[in-house]
*Asks:* 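Before anything else, here's the structure in question.
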Number of protein chains: 2
Amino acid sequence: MKAVPNQSLRNESSRIDDEACRIFQHSAELAGKKWNAAILLALARGANRFSDIAHSVDRISDRLLAARLRELEQRRLVVREVIPTTPVQIRYRLSTAGEELIRILHPLVQWAERWEPRLKD
Amino acid sequence: MKAVPNQSLRNESSRIDDEACRIFQHSAELAGKKWNAAILLALARGANRFSDIAHSVDRISDRLLAARLRELEQRRLVVREVIPTTPVQIRYRLSTAGEELIRILHPLVQWAERWEPRLKD
DNA sequence: CCTTCATGCTTACTAATGGTAAGTAACGTA
DNA sequence: TACGTTACTTACCATTAGTAAGCATGAAGG
């Protein structure tokens with residue numbers, strides 16, 4: 001279909017490619033990417049070691065947890081500290097941005113309880 | 001026994017598999033699944049036909065747009081109406097749940113502007 | 001008439017991502 | 001000595017995403 005994208009009849013300002021919309025899409029997809037919300041929540045609730053998080057987040061695999069923590073660290077939602085004990089301990093915690101993000105997302109719980117009651121089974 | 005503090009001694013109720021946490025994860029992943037936020041936003045901003053949404057959401061393919069609209073309809077965030085003109089017109093719009101969802105997610109814009117300034121490039 | 005275009009999809013194919021299982025180095029415990 | 005824990009990585013296959021093309025219907029243009 002998209003061989004010749006004809007939008008000449010369409011007013012350019014109605015396209016969803018301006019700044020706020022791209023930002024919105026980008027951050028929603030970051031927060032909502034599979035496992036991310038659960039990982040951030042686990043950290044918010046006190047888990048701070050790899051294996052704690054792995055136990056807190058139901059059904060996540062080590063491989064994906066490691067991958068997600070690396071991404072979240074790069075995006076600066078999570079801070080990774082190496083503690084030079086023997087053996088080394090690695091501790092993860094939310095950054096301020098991460099804390100604010102889960103606070104912002106909290107209303108989703110009420111939304112879901114209202115509109116998706118079957119989730120409660 | 002102190003080099004490695006054992007978190008498994010924490011009480012079971014702190015695990016992230018109880019109801020509110022599962023709901024939280026589930027709805028965050030619904031809202032944040034790739035393209036969903038942008039599609040809902042396009043609808044909120046007035047797009048209501050397939051090709052309008054396709055033009056509004058930058059870089060989405062027809063295939064994924066069709067798939068996502070079907071999912072969003074099943075999840076009751078989007079309503080699909082068939083208008084029996086010739087040829088038939090198909091019109092999509094947000095349900096009340098869908099409208100509330102994008103309202104809830106709106107603070108993400110300010111969050112991202114504050115914490116992810118490089119998105120603004 | 002006959003070609004061409006728009007709409008709202010579907011089908012076919014490839015690339016990227018996800019899930020499962022197992023492995024690993026360095027230590028600790030029984 | 002054997003096994004468990006920690007924080008990962010590697011190997012492999014299944015599922016999903018992205019790209020391109022096809023298609024039925026009808027409208028519009030020459």
Side-chain angles (χ1 to χ4, degrees), chain A residues 1-10 25-26 28-30 32-39 42-43 47-75 78-93, chain B residues 1-10 25-26 28-30 32-39 42-43 47-75 78-93:
Chain A
M1 167 189 174
K2 279 177 181 162
V4 180
N6 179 3
Q7 59 227 31
S8 50
L9 299 178
R10 189 181 315 285
Q25 179 180 358
H26 210 89
E29 289 178 3
L30 169 62
K33 187 167 177 178
K34 199 164 184 188
W35 302 116
N36 276 356
I39 292 168
L43 289 165
N48 49 25
R49 300 185 58 182
F50 188 94
S51 49
D52 290 343
I53 305 168
H55 284 116
S56 294
V57 177
D58 205 27
R59 271 180 258 275
I60 197 173
S61 66
D62 290 359
R63 192 178 76 85
L64 282 218
L65 179 54
R68 288 296 187 273
L69 285 170
R70 231 177 300 145
E71 289 169 25
L72 291 170
E73 194 198 346
Q74 282 171 5
R75 299 292 212 99
V78 163
V79 179
R80 180 184 195 261
E81 282 176 277
V82 179
I83 298 172
T85 49
T86 46
V88 286
Q89 257 188 61
I90 313 255
R91 198 166 290 177
Y92 295 94
R93 60 188 170 78
Chain B
M1 158 200 212
K2 84 216 354 183
V4 178
N6 183 354
Q7 293 283 334
S8 68
L9 299 175
R10 277 196 288 116
Q25 178 180 359
H26 210 89
E29 289 178 4
L30 169 62
K33 187 168 177 178
K34 199 164 185 187
W35 303 116
N36 277 356
I39 292 168
L43 290 166
N48 50 25
R49 300 185 56 181
F50 188 92
S51 48
D52 290 343
I53 305 169
H55 284 116
S56 294
V57 178
D58 203 29
R59 271 180 258 275
I60 196 172
S61 66
D62 291 357
R63 193 179 76 85
L64 282 219
L65 179 54
R68 288 297 187 271
L69 285 171
R70 232 177 299 144
E71 289 170 25
L72 291 170
E73 195 199 344
Q74 283 172 5
R75 300 291 212 100
V78 163
V79 180
R80 180 185 195 259
E81 281 175 277
V82 179
I83 299 172
T85 49
T86 48
V88 286
Q89 256 189 58
I90 313 257
R91 198 166 290 176
Y92 296 93
R93 61 187 169 78

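All chains are named by letter (A, B, ...) in the order of the sequence lines, taking the proteins before the strands, and each is independently numbered beginning at 1.
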*Asks:* What verdict does the side chain to side chain contact (heavy atoms under 4.5 Å, CB included) test give for Arg80(B) and Phe50(B), after you've listed the backbone C-alpha separation in whole Å, the side-chain angles of each residue and the deciding distance to 0.1 Å?
*Replies:* CA-CA 10 Å; Arg80(B) 180 185 195 259; Phe50(B) 188 92; over 6 Å; no

*Asks:* Between dT10(C), dG19(C), dT19(D), spot the one nearest the side chain of Ser61(B), thanks.
*Replies:*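 Nearest to the side-chain atoms of Ser61(B), counting from C-beta on, is dT19(D).
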
*Asks:* If you check the Asp62(B) side chain, which of dC9(C), dC8(D), dG18(C) turns out closest?
*Replies:*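 My answer, after comparing the listed nucleotides, is dC9(C).
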
*Asks:* Please state how far atom CD in Gln89(A) lies from atom C1' in dA7(D), giving the value in whole angstrom units.
*Replies:*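 Interatomic distance, CD of Gln89(A) to C1' of dA7(D): 11 Å.
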
*Asks:* Working to the nearest 0.5 Å, report the span between CG of Asp62(A) and CD1 of Ile53(A).
*Replies:*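 Asp62(A) atom CG to Ile53(A) atom CD1 measures 11.5 Å (nearest 0.5 Å).
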
*Asks:* Any chance you could measure Glu73(B), atom CD, to Arg68(B), atom CZ, to the nearest 0.5 Å?
*Replies:*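 Output value for this atom pair is 15.0 Å.
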
*Asks:* Could you check how far NZ of Lys34(A) sits from C1' of dA14(D), rounded to whole Å?
*Replies:*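 So the NZ-C1' distance, Lys34(A) to dA14(D), works out to 12 Å.
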
*Asks:* Given atom CD1 of Ile60(A) and atom P of dA21(C), what is their separation to the nearest angstrom?
*Replies:*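 Those two atoms, CD1 and P, are 16 Å apart.
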
*Asks:* Is Arg80(B) near enough to dG8(C) that one of its side-chain N or O atoms lies under 4.0 angstrom from OP1 or OP2?
*Replies:*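 False: Arg80(B) side-chain N/O out of range (4.0 Å or more) of dG8(C) OP1/OP2.
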
*Asks:* Please tell me if Arg70(A) has a side-chain N or O lying less than 4.0 Å from either OP1 or OP2 of dT9(D).
*Replies:*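 Indeed, a polar side-chain atom of Arg70(A) lies that close.
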
*Asks:* Over all strands shown, is Arg63(A) touching base, sugar-phosphate only, or nothing at heavy-atom distances under 4.0 angstrom?
*Replies:*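 It contacts base atoms.
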
*Asks:* Closer than 4.0 Å, any side-chain N/O of Arg59(A) to the OP1 or OP2 of dT20(C)?
*Replies:*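 Result: no.
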
*Asks:* CG of Leu65(B) versus C1' of dT19(D): gap in Å, rounded?
*Replies:*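 Value for this atom pair: 15 Å.
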
*Asks:* Give, for atom CD of Gln74(A) and atom CG of Leu69(A), the distance between the pair rounded to the nearest 0.5 Å.
*Replies:*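 Here the rounded value is 11.5 Å.
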
*Asks:* Please determine, for the side chain of Arg49(B), which listed nucleotide (dG18(C), dG8(C), dA17(D)) has the closest atom?
*Replies:*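 Looking only at side-chain atoms, Arg49(B) lies closest to dG8(C).
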
*Asks:* Could you check which of dT19(D), dC8(D), dT10(C) has an atom nearest any side-chain atom of Phe50(A)?
*Replies:*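 Shortest atom-to-atom distance from the side chain points to dC8(D).
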
*Asks:* Nearest heavy-atom pair of Ala42(A) and Val57(A): which atoms, and what distance?
*Replies:*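 Minimum heavy-atom contact is CB-CG2, 4.0 Å.
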
*Asks:* Taking atom P of dC8(D) as reference, at what distance in whole Å does atom CD1 of Ile39(A) sit?
*Replies:*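 Spelled out: CD1 on Ile39(A) to P on dC8(D) is 13 Å.
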
*Asks:* Looking only at the side chain of Ser51(A) (C-beta and beyond, no hydrogens), which of the listed nucleotides dT6(D), dC8(D), dT20(C) gets closest?
*Replies:*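 The listed nucleotide nearest to Ser51(A)'s side chain is dT6(D).
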
*Asks:* Looking at Trp35(B), does any N or O in its side chain come under 4.0 Å of the phosphate oxygens OP1/OP2 on dA17(D)?
*Replies:*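 Trp35(B) to dA17(D) OP1/OP2: no side-chain N or O under 4.0 Å.
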
*Asks:* Report yes if at least one side-chain N or O of Tyr92(A) is closer than 4.0 Å to OP1 or OP2 of dC8(D); otherwise report no.
*Replies:*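 Indeed, a polar side-chain atom of Tyr92(A) lies that close.
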
*Asks:* Quickly work out the Leu64(A) CG to dA7(D) C1' distance and round it to whole Å.
*Replies:*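 In whole Å, dA7(D) C1' and Leu64(A) CG are 15 Å from each other.
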
*Asks:* Which listed nucleotide (dT9(D), dG28(C), dA17(D)) is nearest to the side chain of Pro87(A)?
*Replies:*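 The answer is dG28(C).
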
*Asks:* Rounded off to whole Å, could you give me the CD-to-P distance for the Glu29(A) and dA16(C) pair?
*Replies:*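 Answer to the nearest Å: 18 Å.
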
*Asks:* Whole angstroms only, please: what is the CG-C1' distance between Asn36(A) and dG18(C)?
*Replies:*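 Rounded to whole Å, this separation is 14 Å.
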
